[in-house]
Structures are given as structure tokens and as C-alpha cells.
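Read the numbers this way: they start at 1 and go in the same order the structure lists the ligands and their atoms. Quick caveat, the model's predicted, so the values are computed rather than measured. Positions are given from 1, in the same order as the sequence printed here. Hydrogens, waters and symmetry mates play no part in the numbers below; they use all other heavy atoms, side chains included.
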Amino acid sequence: MRDDGRVQSEEAATTVPAKGTTALLAVAGILTGVAGLVTAQATVWLLQAPNGPVYAVASAVRDFTPGPIANFLVHDLIKNNTVETTALRVGTIAILLGICAWIGAQTTKRPLLPPVAYVVLALLGLGAVHRLPDSTSGSTLGLLVGLVTLIVVHRVLTGAVLQESSGPVGRRSFLVRAGVVAVLAAGAGIAGDLSRRRVEKVEKERRLLRLPIRRGTPPEGTSLGVEGIAPWRTPSGEFYTIATTLSPPVIAQEEWSLRIHGMVDRELTLTYEDLAKRSFTEDWVTLACVSNEVGGDLIGNAFWSGVLVRELLAEAGVDPDADAVLQTSHDGWTCGTPLVALTDDRNSLLALGMNGKPLPIEHGYPVRMVVPGLYGFVSATKWLVDLEVSRFDKFDAYWTERGWAEQCDIRTQSRIDVPARDGEVAAGTLKIGGVAWAQHLGIERVEYQLDGGAWKPAELGRATESLDTWVQWAASVEVAAGEHTVLVRATDKNGYTQTSELRDVIPDGATGWDEVTFTAS
Ligand SMILES: Nc1nc2c(c(=O)[nH]1)N[C@H]1C(S)=C(S)[C@@H](COP(=O)(O)O)O[C@H]1N2
Ligand SMILES: [Mo]
């Protein structure tokens, strides 16, 4: 046996954590948890996604707390049953940080536990987020950023703590690292918070706006009253959204203006006030995305209010050699629209209102273009700031550069909404139906085919006078028990009947008949 005190104490340092190490590891765990929560929440705010992790977990805690306890907490103790309750949120954060402290403290004994535990926490968060109906990919991305933060910060901080046991160098390094983490997390938090405040400010301004717009009443007969068919008016909150930006630009009214220039006699610059003062036009228009697969839901019908584009172009005085308008959005997205579609009788409009409200931010606030009959990618610029009258041979727009068509009318299409795909129904008499569209041309007829039988005409709902909207279709069929297949095809007022040829969405829209298989019992 050696009797060398120095060696002994060094051995002791590597096997038994120095006094206070476990506590410091717990502190590192808490700091790690704070950093993870902050970056996750900041990401959600920056992406303008709903349901940050704390909100989501607090909701789950509220909903999964056993009845009597929840009753006691909600009714007797907190006296409020919303997740906005500070007590619920603070409680949730406290529990999460408690778990993080424990995870941190486990680092020396079970080095594999922390990463596994963080993944488990992130998965629980993911579950909590996705049980809320309005979560988006931004909500998920927030959790991913949070998870990466947890794993990285954990390594950085606990690494320093474990050095700590070997002397004052380690302690200083822990303090330095903790400081850096705190500063970075605070920076992320501040950036997220600024973004949140900005959204709140613009949302408030939006809410307080009073525009001369109406909500629009769907004309009589547009709705066939069949359950399961998409409502004739798509509520704004359920309207599909497509954008190339990670988060929609948040533009205050006073920051916005629209420049009309290029092959014109007079350049125009219009502010939001300029537009809001003009006389408004309004109509129902069904927007559709070229990426909509047969049977897909990248289509919606809304009541749009705004200013006729052709009047503005007339004021600018368009060069007769021009054949296109290059539209640019605040976020730099571009599309090229045939000049004629903006100047003919189809009432293309600079929309300020959607379903009676100022445009939602994600649908283009303050101003977007709406062109009946053209796919969104060649016409429906959201957050529109620039219209350059030009020629198609002088530019390539965003999607055209990426292999999509330069010009593109919406294809005549139809979709089956009921019965649901692979759905189960009761045998006997069954209502089937859906929607069909040929914007600006109009739908002449919709036919369906059941189990390979004859094509039969469906009942059609009414369209508006402008024919810029979809129509509902429906039929009653008799089905015996067993598996069935229904097909649908539409014919437009030009006499074109949808081809059965299945073609992919790129470069100019999908073709083919929608088909639904279902089981009757
Ligand atoms: N600024 C901008 N505007 C845009 C797009 C975009 O990516 N950025 N996408 C277009 C496409 S492809 C479609 S289908 C419509 C969708 O409009 P919505 O999101 O209001 O449904 O917006 C169009 N306007
Ligand atoms: Mo689109």
C-alpha cells in the first residue's frame, strides 16, 4: 500500500464527485432547460406558429389532470380554466425545470440518461403540441430547435462542471460558459419576443381597421346541404395557405405601398390609404393551387373585396407592346401574369378584404392580388408591393425558373368529398357529392360513375354570375354491403370534359378523375 496523500486525493477526485458537483450539475440542468424552452418558444414566435411548448404542455396538464383534482384546482384554487392562467404556466415551467435539474444531476452516474431524457421530453412536447388542432410545422420546428439546444447546452455546461472538480479553472470555465449560454438564450428570447410584439401590433391594427367591405352572403342555391361536402364559402381560418417564406411577412399599413411601373406612361405609387379611399369591388372567387393533386384540398372559395386592377393600370397608361405584369411581394417572391387577365372583364382585384375582414396576415395582409381563373403561382401574389408592366420574354418569375409553366389557367376539375376516402357507410341509399371548378368558364355538368357502371349526371349547386367559383355537386346512390368505387368528372362551359389521363401537378396542374373507394355495411 502506498502512502502518498497527493495521489490518493487525485484518485478520489475522479471517482467520487467533489462536494457540490451534483448541485452544480443540477444548476447546469436548470440552465439547460431554460435555454431549451427559450429557443423553442422564440422559434415558434419567429415563425408565427401557434402553440409554443409551454402553452401546449400546460394545455395537456390541464386536460389530463384527473377530474376531481382539476376541479379543485380550476374552480377552487385558480378559479379560471384557461391555459393563459399564470399559475398553470408557471407550474408547468417549474415542473419542467425540476425534471431538468434531476436530469443534470444524473450526468455523472448515468451519462446516457440526459440525451435520452431530452428526446423523451421533446417527444412529449410534440405529443402535447399536436393534440392541439391548429398546430403547424412551425410548432414542430420549435420543439426540434429546443431539443438541439438541450443536448448542446447540456454538454457544454456539464462538461465545464465536471472539469470544475479538478479545480478553479473548471469553475471559471463553467461560469463563462453559463454566461455565454445565458446571453445567447436571452438574445433568442428577445428576438422572439420582438417578433411576437410586432405580430401583435399589426394584428391589432388589422382588427381595428374599418374598411368598406362586406362579408358576403353565399347566393341562394350554392349550397346543396349535403353533409361532408366542403362548405361553399371556405372560412378564412381553414383556407389553404401556400408561401415560400418560412414565416409570413408582417407589414404595418404605414410601411406598405405599391409601385406600378415599367411599360407605363405614368408611374404610380399607392399607399394603403390611397387604396382604401377608392371605390371597392367585391366578389366570390375560388383560388386554387397548381400543386393541388386530384382529390386534394389546396383550393378554397372566399368573398374578396378590393380595388379593380384594370382601373389602376388604366390610370398608369399601359404601353400597347406590353403583355405581362411581373408581380413582386414584400418577401421577394415573384410571378408573371398575362396583362390581359388583369385588364379584361374578369374583375381582377387588389384585395384588401377576405370574407368581410381585412386580409389575414398569412393570406397577404395588407394587400394581395386575386385573379379569377389563374392558378395562384402565376397570379395571387400575397404581400404585394410591386407591379411592373412588362413582357413575358423579359423576365422569369419564381416558379417558372423552377420548371413550372410560365402561364397557367386553372384546369377544369372535380373532387369527391363524400363518402370519405376509404370511409365506411351504411348500406342502402347514400348521398355522395363534392365540388367541381372551372373558374371564369363555369361548370356545365358533373357526372359520377359507381362501380364501373354508366356515367350519370349529378345535381349541381349554383355558381355566382361571374362563374369564378366552384360549384357543389351531389347525387343519391343505392349501395349494397361491400366495397364500392365512385369516380367523378366535370365538363366546363367550353365543352371540355376532364381527361382520365393521370398527370402530375408539375408543370401546369394535375389531370385525372378523382376516385374514392369506400365500404358499405
Ligand atoms: N408572396 C407570395 N405570394 C404567393 C405565394 C408565395 O409563395 N409568396 N404563393 C402563391 C401560390 S402558389 C398560391 S396557390 C397562392 C395561395 O394563396 P393562399 O395562401 O392565400 O391560399 O398564393 C400565391 N401567392
Ligand atoms: Mo400554388
So which of Asn301, Thr234, Thr464 actually passes side-chain hydrogen bond (donor to acceptor under 3.5 Å, both in side chains) with Thr286?
->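 The side-chain hydrogen bond (donor to acceptor under 3.5 Å, both in side chains) with Thr286 is passed solely by Asn301 among Asn301, Thr234, Thr464.
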Decide ring pair (Phe, Tyr, Trp, His ring centres under 6.0 Å) for Trp304 and Trp284; before the verdict, give the C-alpha distance in whole Å, the side-chain angles of both, and the deciding distance to 0.1 Å.
-> CA-CA 6 Å; Trp304 305 95; Trp284 297 94; 10.0 Å; no
Any idea which residues sit under 4.0 Å from ligand 1, heavy-atom distances?
->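 If the criterion is a heavy atom under 4.0 Å, then ligand 1 touches Phe239, Tyr240, Thr241, Ile242, Ala243, Thr244, Cys289, Ser329, Asp331, Trp333, His363, Arg368, Gly376, Phe377, Ala380, Thr381, Lys382, Trp383.
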Can the ring centres of Trp399 and Phe377 be said to be less than 6.0 Å apart?
-> no
N-O pairing of Glu220 and Arg462 below 4.0 Å | no
Quick one: do Asp193 and Arg197 make a salt bridge, cutoff under 4.0 Å?
->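 A salt bridge links Asp193 with Arg197.
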Ignoring hydrogens and angles, tell me if any N or O in the side chain of Thr222 forms a donor-acceptor pair with the backbone of Pro218 under 3.5 Å.
->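 The answer is no, because no donor-acceptor pair under 3.5 Å joins these two groups.
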